Amino acid sequence: MFSFWGNINTKESSSNQLEGEKHSDNSYNNNKGDSVNNSENNNNKKGNNNNLNYNNNNNNNNNNNNNNNNNNNNNNNNNNNNNNNNNNNNNNNNNNNNNNNNNNNNNNNNNNNNNNNNNNNNNNNNNNKNNNNNNNNNNNIMSTLTTERNITNSPTAAQLNEKESGKKEEEWIVGVLTTSDRVTQGISIDQSGPEIVAIIKNQLKQMMGEMSSINVITVYKVVPDEIEHIQQMITQWTHLKYKLILTTGGTGFTPRDVTPEAIKPLLNRRTKGIEIAMLKTSLDITPHAMLSRPIAGIRDQTLIITLPGSVKAIRENLGVILPAIPHAIGLINSQPKSSLPESHRSKDYNKNSQKIDSSLIDQNQNQNQNQNQNQNQSQNQNQNSHNHNHSHNHNQSHHSCGGSGKRGSSYNMTPVDEAIKIILQQCENINNQLEKVEITKSLGRVLGEDISSIEPFPNFRASIKDGYAIRSKDGIGHYRLLGDSVAGNSGENLMPPSNNLNEEKYCVRITTGAMIPDGYDSVVMIEETEMIGDNLVSIEVTCKPGQDIREIGSDIPSGTIVLNKGDKVGCAEIGLLATLGIQWVHCPKLPSISIISTGDELADYQTSTDSMKSGIIRDSNSPTLATILQEISNHFGECLSRDKINIVGIIPDKLENLKDTLINCSKKSDIIITSGGVSMGHLDLVKPLLEKIGTVHFGRVNMKPGKPLTFSTITTIEEDNQEKKKTTLVFSLPGNPVSTVVTFYLFVVPALRKLGGFGIKNNGSQLNLPCVEVKLLDRIQLDHERPEYHRCTIEWDFQEHCFVSKSTGSQASCRLLSLKQANALLVLPQKHGHLEKGTMVKAILIGPIN
């Protein structure tokens with residue numbers, strides 16, 4: 001179903017010159033085998049089903065007589081000769097005959113008496129005579145020459161009549177290009193490219209109207225996520241005058257998603273309407289479609305469209321744009337009828353009547369699977385199947401609640417991405433003001449305003465080198481030394497005399513960074529001078545005005561914006577601010593936080609062993625959360641007020657105690673983090689209490705560990721302003737220690753970073769923790785019910801040239817040892833089976849990489 005990327009620069013006869021597989025009405029063509037002869041007679045008679053005959057003949061005089069009485073035969077003949085006589089009598093049903101001829105004088109006698117035949121012969125000859133006579137039903141005959149043009153047109157019997165009358169049947173070649181590192185490396189199987197091929201073959205003809213007689217051929221290719229490889233393939237296809245090129249994959253936000261960057265420079269004109277139509281269709285289904293970057297446009301006479309990597313998204317996007325594509329191609333290629341007003345009106349369509357018929361596509365794909373692999377192989381490969389989803393995932397349906405009857409939860413399981421979106425939306429309700437910060441305390445903070453220089457830098461003319469300040473017009477000669485100008489001095493009283501009657505030349509010895517005295521306009525470095533006496537210097541080189549002088553404001557002119565709103569302050573930024581005399585900056589006010597542990601089974605973590613009662617455990621969540629807040633700021637930037645972390649301690653499972661604590665904390669803090677009390681037990685009181693005193697936005701998340709995570713808001717009256725309302729975000733994390741930590745990283749951190757100002761730039765893309773792609777060093781069991789976040793340690797492998805991950809062992813949500821030395825969370829899909837060692841997966845960084 002797909003071909004791997006290879007050497008696309010080869011121009012000799014090779015499999016890569018064909019640039020992928022050529023499809024015409026469900027036929028796939030391959031040429032294999034070699035035989036080199038001088039004079040041969042090859043007579044093959046085969047009475048088999050499902051035979052593949054491969055003959056490559058390089059000879060001078062060959063007579064090839066093939067009588068094939070087969071069902072579903074593929075006959076491939078490659079003849080490189082000077083004088084060939086080929087007589088083919090085929091009595092087959094559903095045959096695919098491929099004849100590749102590179103010769104000077106060929107006589108091809110083929111008799112065709114077919115019903116519903118599609119005959120495509122590509123000949124690059126000087127003198128060719130083609131007569132086709134086949135007694136077949138539903139035959140697809142394709143002959144391809146491996147020439148520089150790669151794919152040409154071969155006339156059918158009807159086309160020969162048109163050729164004799166001066167007519168030529170038109171063909172459209174459609175290129176389908178999958179961009180994927182994993183597919184080219186053989187790690188995954190491409191589903192997206194074959195999906196597009198199936199849609200084009202089954203649906204495009206139905207929408208061509210008056211142009212339905214045009215022969216549509218699809219060419220399918222896979223290349224890695226590299227701009228150079230993508231551009232080479234697109235350029236080659238447009239040079240061959242492909243009518244339409246559809247790419248899939250590489251349109252998302254990850255560093256390897258480079259398809260838009262590869263396509264845009266190649267386009268002569270952008271077609272924004274197609275891009276908007278695709279985005280609107282996807283946004284009507286899921287807001288995650290905003291993370292897709294589709295590109296559509298025209299290069300020469302080729303329409304180029306980038307599609308997402310998701311099979312479902314491909315169907316949705318093609319469903320809206322495919323009906324307009326034939327008309328668009330007609331306009332691009334200046335077909336007279338296409339530009340008439342009545343032609344435009346005739347292309348208006350009902351969007352509900354022209355949707356992609358997925359049943360035909362699924363049926364076609366099932367047939368192809370049955371022909372190429374058995375069911376067991378298909379299942380095994382699908383576990384590592386390629387779903388190159390760089391743009392968005394449309395699976396937004398909510399799962400049914402767990403349990404049944406009265407014991408079931410009333411909350412649907414919210415997808416992780418949707419839950420984060422809800423949290424960030426509620427962050428907009430926090431009264432986040434700017435605060436004034438002294439620059440030495442602004443390390444790791446985000447600027448809330450642009451910073452401009454209040455003075456030029458340097459604010460005086462300064463020497464770049466050690467040497468002598470002179471007047472450039474004085475030129476070569478002996479100079480009288482008037483004195484020294486060193487760094488930190490003003491250089492006064494060193495001007496050359498104004499009444500210089502003897503026309504003597506004067507200079508000033510100067511050090512790097514020192515002020516250039518008035519009256520001098522260049523500096524000669526000390527290596528190009530010689531002292532020839534007391535206060536007498538010989539200079540034997542000429543200088544240009546301004547040589548080795550930093551003029552006033554040459555580095556930073558006055559009023560220049562040196563730092564932008566949203567920039568993170570580092571040590572270099574602090575040095576720049578100090579250089580310009582800026583002592584204070586304004587940054588978003590960091591949120592204050594309260595931490596609460598709930599449960600009758602908890603004791604303070606400082607409790608001695610002798611004091612521990614039976615059935616009691618120490619509270620590990622409060623100290624873990626208090627320190628993880630500071631660790632996140634150390635590693636990824638200041639996102640909370642360290643001196644405003646309120647560790648409330650342990651609150652027993654008593655409704656009134658919990659209620660009073662939550663209300664009091666909501667008045668003082670911007671964020672409340674609780675742990676425990678959100679599951680289904682009769683003493684899990686946090687969730688029902690929040691339903692009464694606040695608003696619960698979601699009560700379960702589709703993930704492992706951490707499913708009971710609950711997010712809510714509490715609205716109170718501000719203490720300083722009784723007329724103003726205050727909103728507090730409440731994150732109720734599960735009580736198991738691992739679940740507490742994992743859900744903190746995934747859901748609390750984005751909120752902290754947004755309130756800390758990290759979302760000001762880059763449209764909020766910096767809110768989540770960074771992700772990298774890693775190679776597994778372990779075989780990992782998957783969970784078929786929920787996506788899992790697997791604790792691991794990752795490092796850079798210089799031999800493998802990639803990040804590698806090592807699991808921390810058992811992933812039980814109560815096992816804190818699974819977090820020991822962990823610096824990443826593997827993002828594992830929800831499915832049956834395992835991920836084998838060597839598989840590449842995404843990992844979320846939660847700490848520094850060793």
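Please read all numbers here as calculations on a predicted model, not as lab measurements.
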[X] side, atom [atom1]; [Y] side, atom [atom2] - distance, nearest 0.5 Å:
X    : Y    : atom1 : atom2 : answer
K831 : H784 : NZ    : NE2   : 14.0 Å
I645 : L640 : CD1   : CG    : 5.0 Å
I582 : I439 : CD1   : CD1   : 8.5 Å
L752 : F747 : CG    : CZ    : 14.0 Å
I671 : C665 : CD1   : SG    : 13.0 Å
S679 : K707 : OG    : NZ    : 8.0 Å

Would you call [X] and [Y] a side-chain contact if the rule is heavy atoms closer than 4.5 Å?
X    : Y    : value
I596 : L662 : yes
E275 : I295 : yes
C587 : V446 : no
I632 : F744 : yes
L845 : I794 : yes
V841 : S805 : no
L746 : M703 : yes
L629 : I595 : yes

Is the backbone N or O of [Y] less than 3.5 Å from a side-chain atom of [X], with the two atoms forming a donor-acceptor pair by type?
X    : Y    : value
E788 : P829 : no
R182 : M840 : yes
E573 : G570 : yes
Q821 : L819 : no

I need the single residue from K589, R445, H586 that forms a side-chain hydrogen bond (donor to acceptor under 3.5 Å, both in side chains) with E435. Which is it?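 So the option named by the test is R445.
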Side chain to side chain donor-acceptor pair (under 3.5 Å): pairs with one or both residues in residues 622-636, sequence neighbours excluded: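 Qualifying pairs, neighbours excluded: S597-S622, D619-S622, N634-R642.
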Are side-chain N/O atoms of [X] and [Y] paired as donor and acceptor at under 3.5 Å?
X    : Y    : value
T179 : T259 : yes
S813 : N736 : yes
T674 : S732 : yes
N317 : T281 : no

What's the shortest heavy-atom distance between [X] and [Y], and which atoms?
X    : Y    : value
S641 : L590 : N-CB, 3.5 Å
I616 : D600 : CD1-O, 3.8 Å
L658 : P652 : CG-O, 3.9 Å
N702 : V416 : O-CG2, 3.9 Å
P287 : E418 : CG-OE1, 4.3 Å
L729 : T713 : CD2-CG2, 3.8 Å

Pairs touching residues 758-768 that satisfy salt bridge (charged side-chain N to carboxylate O under 4.0 Å, His left out), sequence neighbours left out: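 Salt bridge (charged side-chain N to carboxylate O under 4.0 Å, His left out) check on residues 758-768 returns D567-K761.
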Does any pair with a residue in residues 740-755 pass salt bridge (charged side-chain N to carboxylate O under 4.0 Å, His left out), and if so which ones, sequence neighbours excluded?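 Residue pairs passing salt bridge (charged side-chain N to carboxylate O under 4.0 Å, His left out), neighbours aside: E428-K754.
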How about K725: does its NZ atom have over 12 heavy atoms from other parts shown lying under 6.0 Å from it?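 Counting neighbours around NZ of K725, 12 or fewer heavy atoms of other residues, nucleotides or ligands fall under 6.0 Å, so no.
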Q425 CD: over 12 foreign heavy atoms closer than 6.0 Å: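 Result for CD/Q425: enclosed.
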Can you run down the ring-ring contact (aromatic ring centres under 6.0 Å, His included) pairs that involve residues 703-735, sequence neighbours left out, and say none if there aren't any?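 Those involving residues 703-735 are H697-F711, F698-F711, F711-F731.
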D417/K421 ion pair, N-O < 4.0 Å: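 A salt bridge is absent here (no side-chain N lies under 4.0 Å from a carboxylate O).
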Enumerate donor-acceptor pairs with a distance under 3.5 Å from any side-chain N or O in residues 681-689 to protein atoms, sequence neighbours excluded.
{"residue": "D684", "atom": "OD2", "partner": "M680", "partner atom": "N", "Å": "3.3"}
{"residue": "D684", "atom": "OD2", "partner": "G681", "partner atom": "N", "Å": "2.7"}
{"residue": "K687", "atom": "NZ", "partner": "V678", "partner atom": "O", "Å": "3.3"}
{"residue": "K687", "atom": "NZ", "partner": "G699", "partner atom": "O", "Å": "2.7"}
{"residue": "K687", "atom": "NZ", "partner": "T710", "partner atom": "OG1", "Å": "3.4"}

Working for side-chain contact (heavy atoms from CB on, under 4.5 Å), residues V827 and Y789: CA-CA 5 Å; V827 183; Y789 295 84; 4.1 Å; yes
Hey, mind stepping through L828 and K704 against side-chain contact (heavy atoms from CB on, under 4.5 Å) and telling me if it holds? CA-CA 10 Å; L828 303 180; K704 178 184 179 181; over 6 Å; no
Under the side-chain contact (heavy atoms from CB on, under 4.5 Å) rule, collect the residues that match up with T728, sequence neighbours excluded.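 T728 satisfies side-chain contact (heavy atoms from CB on, under 4.5 Å) with S666, I672, K726 only.
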Where do L602 and I617 land on the side-chain contact (heavy atoms from CB on, under 4.5 Å) test, with the steps shown first? CA-CA 5 Å; L602 298 178; I617 59 174; 3.8 Å; yes
Before giving the answer on side-chain contact (heavy atoms from CB on, under 4.5 Å), spell out for K264 and R270 the whole-Å C-alpha distance, their side-chain angles and the decisive distance to 0.1 Å. CA-CA 8 Å; K264 273 194 282 189; R270 290 279 294 275; 3.6 Å; yes
